[in-house]
Number of protein chains: 2
Amino acid sequence: MQSFTEENYLKIIYHLSSDTDVAVQTNAIAEKMGTKAASVTDMIKKLADKQLIIYQKYQGVKLTDTGRRTAINIVRKHRLWEVFLVEKLSFKWDEVHDIAEELEHINSSELIERLDEFLAFPKNDPHGDPIPDKDGKFDSATFIKLNKLKTNEQGLVMGVSEHSSAFLKHLEKLGLTLGKLVKVTDITDFDGSIELLVESKKINISREVAKHILIKA
Amino acid sequence: MQSFTEENYLKIIYHLSSDTDVAVQTNAIAEKMGTKAASVTDMIKKLADKQLIIYQKYQGVKLTDTGRRTAINIVRKHRLWEVFLVEKLSFKWDEVHDIAEELEHINSSELIERLDEFLAFPKNDPHGDPIPDKDGKFDSATFIKLNKLKTNEQGLVMGVSEHSSAFLKHLEKLGLTLGKLVKVTDITDFDGSIELLVESKKINISREVAKHILIKA
DNA sequence: CTAAAAGTTTAGACAAATCTAAAAAATATT
DNA sequence: AATATTTTTTAGATTTGTCTAAACTTTTAG
């Protein structure tokens, strides 16, 4: 078994490499962990000793199959707990991240399988992210970022790639929640900010915000 | 905020002193924590510095009001999670202790208040132990230990004072679960073992087992 | 293609929680 | 009351995860 810290390193490495599958750099990990590069070097040596990652000096790290399986399991737990918090305890989608961050380290596969069943085997968490099943399999439907849509194109909001409370509350206020149909009506030349139609209401979002909204065309 | 370890020390000190309110000894803590006396000395100095306990060298420790409040809050969380596991996730009463031992350290009062509400504000956990409310108040109904009953006396099973899986499974097998009416039909001279009537079935338990069964006469 | 900048690792140190062995205090025994 | 036993504390060491400062690689830019 791993410590909470080791689990957090694995999870971060997983998130940093899941798109690209390219080696993850020490500094990138340090930034996400909120530690210094030197500390990361120490830890990745330890994880490499345990065969959870592959590490070559100065070349960054990649997850091994075992490491990836472990990381995905943590992600599974995180997302299931988020569903629980929203569906059963009536938390808002912007309130659950930090609590799930603690709950994800609770160590009982029996607990997680029963929680999954209690929640009726949800496929996605409150932010649209897919929930891996107990074998680590999940839909990897790739969505388009909203900033890629052109004027007059439209699609459904399927997820977000940023989980901060500030961001999610902002979307909430704009009515930009999961399942909504959005249509791009204009893109400003000046700063690229985007004008949208959501439920016949016209709203304006920055390019930065649009980047974190995932769309099914 | 405290570390998990500090929380565990407080909880153990609370359990060791809640009956008697007498100073708790270093060795007693060490035994419950599964550590050595020397480690306990180090930790109680730290807890004393934080004003969570009162410590005088060689004289054991007592909780301060703050320390007791903290300990009771951990107990509250533990027991609420146990109710959740049994009522919502269909765990058996002998399976929940270790998982609740982890969950009790999750740090969010919002989470606990919502969980309490979700469970409809239960008064007791699956072993009959009272659940403190959010102000730390709870029924301190004191029950009689089953070994104190004399022949022909009877009462209701209201709780157990031992939470090991082995013990609870044993009770389960005997049909000695919460709410059952039991009547002492005989007490063996030889070893003090007790013959009981439970739902018109005659069973036999050792004195040691009887000590851990709490009865309302 | 070399020099500067950026990124990474090493060395040595620290805090938390634990340990063993030895010393000191409290308690029990004769 | 003196001694033996038990309990507790101290001293010094270890492990985990972190740090700073300095050294070393790799990458970038002129």
Side-chain angles (χ1 to χ4, degrees), chain A residues 1-17 20 22-63 67 70-71 74 101-102 104-107, chain B residues 1-17 20 22-63 67 70-71 74 101-102 104-107:
Chain A
M1 229 316 103
Q2 295 87 211
S3 68
F4 283 22
T5 309
E6 287 173 309
E7 291 192 348
N8 284 332
Y9 272 92
L10 289 175
K11 186 183 58 170
I12 281 169
I13 293 166
Y14 172 74
H15 284 311
L16 287 170
S17 60
T20 55
V22 99
V24 177
Q25 287 171 252
T26 305
N27 266 350
I29 299 170
E31 204 208 318
K32 291 277 180 191
M33 279 296 296
T35 62
K36 296 302 167 73
S39 312
V40 173
T41 302
D42 288 342
M43 179 56 83
I44 62 188
K45 280 180 187 165
K46 191 169 149 192
L47 294 172
D49 284 349
K50 294 192 178 185
Q51 321 256 23
L52 293 164
I53 60 178
I54 293 160
Y55 168 52
Q56 277 184 283
K57 268 195 198 179
Y58 297 99
Q59 306 304 309
V61 300
K62 284 187 178 200
L63 291 169
T70 306
I74 299 161
E101 205 76 354
E102 295 193 48
E104 73 189 5
H105 300 293
I106 301 293
N107 205 331
Chain B
M1 230 317 104
Q2 296 84 213
S3 67
F4 283 23
T5 308
E6 287 173 309
E7 292 192 347
N8 284 333
Y9 272 91
L10 289 176
K11 187 182 57 169
I12 281 168
I13 294 166
Y14 173 73
H15 284 311
L16 287 171
S17 60
T20 55
V22 99
V24 176
Q25 288 171 252
T26 305
N27 266 351
I29 300 170
E31 204 208 319
K32 291 279 179 189
M33 279 296 296
T35 62
K36 295 303 167 73
S39 312
V40 173
T41 301
D42 287 343
M43 180 54 83
I44 63 187
K45 281 180 187 166
K46 192 170 148 191
L47 293 173
D49 285 350
K50 294 191 178 185
Q51 321 258 20
L52 294 164
I53 60 178
I54 293 161
Y55 167 52
Q56 276 184 283
K57 266 195 197 176
Y58 296 100
Q59 305 304 310
V61 300
K62 284 186 179 199
L63 292 168
T70 307
I74 298 161
E101 206 76 352
E102 294 192 49
E104 72 189 7
H105 300 292
I106 301 292
N107 206 330

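A, B, ... follow the sequence lines: proteins, then strands. Residue 1 opens every chain.
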Using whole Å, what does the distance between atom [atom2] of nucleotide [N] and atom [atom1] of [X] come to?
{"X": "A:Asn8", "N": "D:dT16", "atom1": "CG", "atom2": "P", "value": "17 Å"}
{"X": "A:Gln2", "N": "D:dT15", "atom1": "CD", "atom2": "C1'", "value": "17 Å"}
{"X": "B:Ile44", "N": "C:dA16", "atom1": "CD1", "atom2": "P", "value": "17 Å"}
{"X": "A:Tyr58", "N": "C:dG7", "atom1": "OH", "atom2": "C1'", "value": "9 Å"}
{"X": "A:Glu31", "N": "C:dA6", "atom1": "CD", "atom2": "C1'", "value": "15 Å"}
{"X": "A:Gln56", "N": "D:dT26", "atom1": "CD", "atom2": "C1'", "value": "14 Å"}
{"X": "B:Gln59", "N": "C:dA24", "atom1": "CD", "atom2": "P", "value": "18 Å"}
{"X": "A:Met43", "N": "C:dT10", "atom1": "CE", "atom2": "P", "value": "16 Å"}

Can you tell me if [X] touches the phosphate of [N], counting only side-chain N or O atoms and a distance under 4.0 Å to OP1 or OP2?
{"X": "B:Asn27", "N": "D:dT8", "result": "yes"}
{"X": "B:Ser39", "N": "C:dC19", "result": "yes"}
{"X": "B:Lys45", "N": "D:dT10", "result": "yes"}
{"X": "A:Tyr9", "N": "D:dT18", "result": "yes"}
{"X": "B:Thr26", "N": "D:dT9", "result": "yes"}
{"X": "A:Lys57", "N": "D:dC24", "result": "no"}
{"X": "B:Lys36", "N": "C:dT20", "result": "yes"}

>> I need the A:Asn8 CG to A:Lys32 NZ distance, nearest 0.5 Å.
In response: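 These two atoms lie 13.0 Å from each other.
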> Starting at the 5' end of DNA chain D and moving along, which residue's nearest nucleotide shows up first, B:Thr41 or A:Ala38?
Replying inline: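 Residue closer to the 5' terminus by nearest nucleotide: B:Thr41.
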>> Classify the ring geometry of A:Phe4 against A:His105: parallel below 30°, tilted from 30° to 60°, perpendicular beyond 60°.
In response: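 Geometry flag for A:His105 against A:Phe4: parallel rings.
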> A:Thr35 and A:Ile29: side-chain contact (heavy atoms from CB on, under 4.5 Å), yes or no, with the steps?
Replying inline: CA-CA 8 Å; A:Thr35 62; A:Ile29 299 170; over 6 Å; no
> Okay, side chain of A:Glu102, backbone of B:Asn107: is any donor-acceptor separation there less than 3.5 Å?
Replying inline: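 Side chain of A:Glu102 to backbone of B:Asn107, a donor-acceptor pair under 3.5 Å: yes, one is there.
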>> For the backbone of A:Ser3 and the side chain of A:Glu6, can you confirm whether one donor and one acceptor N or O come within less than 3.5 Å of each other?
In response: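 It does hold such a pair.
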>> By the 4.0 Å heavy-atom rule, please label B:Tyr55 as base, sugar-phosphate, or nothing.
In response: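 Sugar-phosphate: the residue B:Tyr55, judged by heavy atoms under 4.0 Å, touches backbone atoms but no base.
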> Of all the nucleotides listed (D:dT8, D:dT9, D:dC19), which has the minimum atom distance to the side chain of B:Gln25?
Replying inline: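 Per side-chain heavy atoms of B:Gln25, the pick is D:dT8.
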> Taking the side chain of B:Asp42 as its heavy atoms from C-beta onward, which of C:dG7, C:dT9, C:dT18 lies nearest to it?
Replying inline: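 Out of C:dG7, C:dT9, C:dT18, the nucleotide with an atom closest to B:Asp42's side chain is C:dT18.
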